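Indexing begins at 1, ligand by ligand and atom by atom, following the structure's order. These numbers come from the heavy atoms of this one structure, side chains and all, not from hydrogens, waters or symmetry mates. Just so we're clear, the structure is a prediction, and the values are computed from it rather than from any experiment.
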Amino acid sequence: MRFSRRDFLKAIAVSTALVSSGCSPTPGGRSAQGTTAGQDVEKWVKGVCRYCGVGCGVLVGVSKGKITTVKGDPDNPVNKGRLCVKGILLPKIMDTKDRLLHPLVKKNGQFVKVTWEEALELIAGKFREAIDQYGPDSVGYYGSGQNIAEEAYVANKLFKGAIGTNNIDGNPRTCMASAVAGYVSTFGKDEPMGTYADIEQADVFFIIGANMAEAHPVLYSSLVDRKNANPNVKIIVADPRRTRTADVADMLLQFIPGTDLALLNSMANVIIEEELTDRTFIDNHTTFLQGEKKLTFAEFKTFLADYTPDRTAGVTGLSAEQIREAARLFADRNRNAMSLWTMGLNQRIRGTWANNLVHNLHLLTGKICRPGNTPFSLTGQPSACGSIREVGALSHLLPAHRVVANPKHREEIAGIWGVDPQKMSPKPGYHTIEMFRAAASGALKVLWVVCTNPGQSIPNLTPYREGMEKTFMIVSEAYHPTRTSELADVVLPAALWMEKEGVYGNGERRTQHIAKAIEPPGEARPDVWALIEVAKRLGFGNLFPYRSNEEIWEEYRKCTVGTKMDLPAYDRLRKEHGLTWPLPDPGGPETSIRYAAPYDPFVKEGIQFYGRPDGRAVIFARPHSGPQEIPDDEYPFYLSTGRVLEHWHTGTMTMNVPELKRAMPEMYAELNPEDAEKIGVKDGEPVKIISRRGECMLKAKLNGRGQPRPGMVYVPFHDTEIARMINFVTIDAFDDASKQPEYKICAVKLVKA
Ligand SMILES: Nc1nc2c(c(=O)[nH]1)N[C@H]1C(S)=C(S)[C@@H](COP(=O)(O)OP(=O)(O)OC[C@H]3O[C@@H](n4cnc5c(=O)[nH]c(N)nc54)[C@H](O)[C@@H]3O)O[C@H]1N2
Ligand SMILES: Nc1nc2c(c(=O)[nH]1)N[C@H]1C(S)=C(S)[C@@H](COP(=O)(O)OP(=O)(O)OC[C@H]3O[C@@H](n4cnc5c(=O)[nH]c(N)nc54)[C@H](O)[C@@H]3O)O[C@H]1N2
Ligand code: SF4
Ligand SMILES: [Mo]
């Protein structure tokens, strides 16, 4: 397919979404500048965009104590001055009508304003009571990939180290857990080996289950730039829905939802059958496993015999020729290959396996650990990597990719935390779904929710919202009411974004500092402050003696030294535009490619997958396995859910920005016109979506941003109207390895309303 100037402009228009957003377009999205440009700016402060995992650098203009404008930081290598429309409009989320300015406590069913002192005493009392009566596992914490690292570190230490429970999980479980389990099982260590710079050197992009044009817009612009400058670059998009990302694709594989594992195995089959493998690489750097059992190359080849393109065509709904072509393009020896994926693979009951199978393609062809050759899982939230994966703020993890089940890891961390290692539990705590199940069953007595909105964002909401009401729930929030804060017993007003200092770690291992630009409004305080105040009231003040965020960071940094995830010092972060770890020499260069000389300081020569005991990455034999629910006579459609460019998750921030709200006011059901005709629904007419768990009433959208294949309906999830909240419908089945829920697929019926 030729990539015309028109396609290019269309792609850029989407990626920067200046259409209908109400702000003035800037050519190519470069040096984008925010809302009230022109007003006198007293100072510019360096930060990072509040929203997605791309981690664009921003410069924030402050005047009279307010953020008046935001522009892309031209010196930041991530975005080189670009921002998407959400970033540009960030000033508008700060002073909104629903900013929460005081602590609130629910008394006789009504929220009343209280002092911080009263709120903190109440919280500490509830924690003490539950722990004394039912033990430490009766309390829990649900955090966020949008927390700064210092907040997540302090919360982790308070719960795992001081209180002695591993009941600390967070929204990255709903987001990145399968990517973590995928990297750890294949390479022995979490997080991508490449960086965004690989985009500039790749010749074939394999984008599977990611809608970068809407969810990672600035990276998408880099991709489009690469393609535009090099017409020979090929893009394969594999998604059951034709998305805006597919506008630039040379090949669109619009397969049946949930059949990725078959497709990926079939591509591997073609690569082996047509001898497109790199045998030297395979012999030197990989090992084949089926479960725990070692396989030979020949046995692996036999395993894949079930996945010939002809056999797989029927399963996936693709043609055998499409599968062959995709595999040949990927494996072309004259091309560098980069895979990019997000929730289309992760949010699946076989998300971990799907991740393994993408890694397989790179390992079989040796297209890894060289510039432009990398399996790159895109991170969703601004600091899911920095604050959760690296800090270890999930129920099975400890800082710097350690795990609670390992006694040596517990001992090392207990040493740095200054706690008795015996106090740290070896048993992983509740993961997300278990945590909300425990709230519903009454086993969890106290739950502290910080910087996330599970009352809207977790799947199968009905029983879990009941659980949130039942348990004593504290919610730290910047706005009120939200679909979670309305169910809380205590709501604490949080300082937002540049009202506090902190560190974010983006999707390419880049650790970046955000400076404080302005004071928080009213009595809003940084989350880290509230955590430490509660810790003090529980008698753990001696463990939290910090006078600054820098002191917290420097203690955390000790956890990373010598782990091959060595992080930079705070004073250096203040000056630089982020650094990609590992950084074993504090003053030394950042690391672009892990596991390979000359890029990785821990590898002297060649490639060494040092995360694994044998130094080899694993090529897994994983059979195809579909979703938990497949359509049947009663529920004949696949439902998939996800994002739109203008809105951030549950809409608390972006629905407050008039331009964004106008552009995309409410959620809709994107239907294939063929299906719409069958059920007799026209564009804009209401349609009821019903699953075994709940229902939702939405307007039908035909020929919208995307188009699902026949038999599939797609719904975004930012709408806060109860009647339109799609998570009443979604399923809470989860991957048994990663525990990540299957938001991307369940079975529904559609009824003309
Ligand atoms: N504008 C905006 N950007 C965001 C966010 C936001 O809220 N708004 N959130 C951020 C976060 S936290 C995340 S996790 C990322 C998510 O980023 P993405 O994963 O790119 O976004 P989604 O829209 O959730 O889903 C991507 C695609 O998965 C496809 N899909 C559905 N079923 C299948 C399947 O069976 N197989 C495959 N291969 N694909 C399937 C859907 O059709 C959809 O187009 O976005 C980040 N960026
Ligand atoms: N149907 C469906 N559901 C999904 C998904 C899907 O694809 N489909 N995706 C899942 C994924 S990948 C993700 S990441 C989750 C995201 O789900 P959530 O994390 O629940 O959604 P957000 O809207 O990002 O919630 C962040 C909250 O923090 C508040 N906030 C902002 N800044 C601060 C701060 O500094 N401190 C505090 N205390 N609060 C602050 C915001 O107002 C907001 O309410 O959703 C999951 N749910
Ligand atoms: S691409 Fe992501 S990080 Fe960059 S400006 Fe847009 S939302 Fe912010
Ligand atoms: Mo996410």
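- In this structure, K701 forms a cation-pi arrangement with Y668, its terminal cationic atom sitting closer than 6.0 Å to the ring centre and no more than 45° off the ring axis.
- Distances from atom 4 (Fe) of ligand 3 show that C56 has an N/O/S atom below 2.8 Å.
- Closest heavy-atom approach to atom 29 (C) of ligand 2 among the candidates R173, E477, R99, E151: E477.
- The shell of residues lying under 4.0 angstrom from ligand 2, judged by heavy atoms, includes K500.
- Here the straight-line distance linking atom CE of M664 with atom CZ of R643 works out to 14.0 Å at 0.5 Å rounding.
- Residue W497 places no N or O, backbone or side chain, under 3.5 Å from any N or O of ligand 2.
- Proximity of E670 to V715: side-chain heavy atoms (C-beta onward) are nowhere separated by under 4.5 Å.
- Residue contact check: G55 has heavy atoms under 4.0 Å from atoms 3 (S) of ligand 3.
- A salt bridge is defined here as a Lys NZ or Arg NE, NH1 or NH2 lying under 4.0 Å from an Asp or Glu carboxylate O, and R99 with E499 meets this definition.
- Residue W648 approaches ligand 2 through these ligand atoms, each under 4.0 Å from one of its heavy atoms: 24 (O).
- Contact atoms of ligand 2 toward A495: 34 (C), 35 (O) (distance under 4.0 Å to a heavy atom of the residue).
- Remark: ligand 2 atoms within the under-4.0 Å shell around heavy atoms of T174 are 10 (C), 11 (C), 12 (S), 13 (C), 15 (C), 46 (C).
- Proximity of M176 to ligand 2 is not established, as no heavy-atom distance is less than 4.0 Å.
- At a 4.0 Å heavy-atom cut-off, ligand 2 touches T452 through backbone and side chain alike.
- Between E214 and R705 there is a salt bridge, with a side-chain nitrogen of the basic residue lying less than 4.0 Å from a carboxylate oxygen of the acidic one.
- The aromatic rings of F734 and H431 stand perpendicular to each other, their planes meeting at an angle above 60°, with 30° marking the opposite boundary.
- For D75 and K80, the salt-bridge test fails: no basic side-chain N is under 4.0 Å from an acidic carboxylate O.
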Practice item. For H513 and Y504, run ring-ring contact (aromatic ring centres under 6.0 Å, His included): C-alpha distance rounded to whole Å, both residues' side-chain angles, the deciding distance at 0.1 Å, then the answer. Key: CA-CA 6 Å; H513 180 256; Y504 269 175; over 10 Å; no
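- Considering each of Y51, F728, Y142, Y743, the one bringing a non-hydrogen atom nearest atom 4 (C) of ligand 2 is Y743.
- At the top of the distance list for atom 5 (S) of ligand 3, counting protein heavy atoms only, stands C84 N, 3.4 Å.
- A salt bridge links D260 to R348: at least one charged side-chain nitrogen sits closer than 4.0 Å to a carboxylate oxygen.
- Atoms of ligand 3 found under 4.0 Å from any heavy atom of C49 (numbered from 1 in listed order, with element): 3 (S), 5 (S), 7 (S), 8 (Fe).
- Residue P217 has at least one heavy-atom neighbour below 4.0 Å for each of these atoms of ligand 3: 1 (S).
- Under a 4.0 Å criterion applied to the non-hydrogen atoms of Y51, ligand 3 contributes the atoms 7 (S).
- Applying the 6.0 Å contact sphere to NZ of K66 captures no more than 12 heavy atoms from other residues, nucleotides or ligands.
- Nearest non-hydrogen protein atom to atom 37 (C) of ligand 2 is D527 OD2, 3.4 Å.
- With contacts defined as side-chain heavy-atom distances shorter than 4.5 Å, the pair W448/V450 qualifies.
- If you look at T652 next to ligand 2, the close heavy atoms, those under 4.0 Å, all belong to the side chain.
- Between Y479 and ligand 2, no N or O atom pair is found at a separation short of 3.5 Å.
- Remark: among candidates H649, M653, R643, R525, the nearest residue to atom 12 (S) of ligand 2 is R643, based on non-hydrogen atoms.
- Heavy-atom separations between K744 and ligand 2 include at least one value shorter than 4.0 Å.
- Applying the salt bridge (charged side-chain N to carboxylate O under 4.0 Å, His left out) definition to pairs two or more places apart or across chains, those involving residues 455-467 are R465-E486.
- Looking at S144 next to ligand 2, no N or O pair under 3.5 Å apart turns up.
- Between H649 and F717, the closest side-chain pair of non-hydrogen atoms falls below 4.5 Å.
- Summary of contacts: the protein heavy atom closest to atom 40 (C) of ligand 2 is C451 SG, 3.5 Å.
- For atom 2 (Fe) of ligand 3, the closest non-hydrogen atom of the protein is C52 SG, 2.3 Å.
- Close contacts between ligand 2 and R50 involve ligand atoms 30 (N), 31 (C), 32 (N), 33 (C) [criterion: under 4.0 Å to a heavy atom].
- For ligand 3, the atoms closer than 4.0 angstrom to any heavy atom of K86 are 7 (S).
- Close contacts between ligand 2 and A494 involve ligand atoms 36 (N), 37 (C), 38 (N) [criterion: under 4.0 Å to a heavy atom].
- A side-chain donor-acceptor contact under 3.5 Å links R483 to the backbone of T720.
- Using a 4.0 Å cut-off between charged nitrogen and carboxylate oxygen, R226 and D198 do not count as a salt-bridge pair.
- Atoms of ligand 2 lying under 4.0 Å from at least one heavy atom of Q381, given by number and element, are 14 (S).
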Review point. Would Y638 and V713 satisfy side chain to side chain contact (heavy atoms under 4.5 Å, CB included), going step by step from the backbone distance to the final call?
Key: CA-CA 6 Å; Y638 286 104; V713 48; over 6 Å; no
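- Listed by number with element, the atoms of ligand 2 under 4.0 Å from a non-hydrogen atom of C175 are 12 (S), 14 (S).
- Taking every heavy atom of Q347 and a limit of under 4.0 angstrom, the matching atoms of ligand 2 come to 5 (C), 6 (C), 7 (O), 9 (N), 10 (C), 11 (C), 12 (S).
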Practice item. Carefully, step by step, assess Y430 and F436 under the rule ring-ring contact (aromatic ring centres under 6.0 Å, His included). Key: CA-CA 9 Å; Y430 294 135; F436 290 101; over 10 Å; no
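- Every atom of ligand 3 is numbered from 1 in the order shown, and the set under 4.0 Å from a heavy atom of V218 is 1 (S), 4 (Fe).
- Looking at V715, V475, T650, T641, it is T641 that brings a heavy atom closest to atom 8 (N) of ligand 2.
- Residue L83 places a heavy atom under 4.0 Å from ligand 3.
- When side chains are defined from C-beta on, I388 does not count as touching R173, because their heavy atoms never get closer than 4.5 Å.
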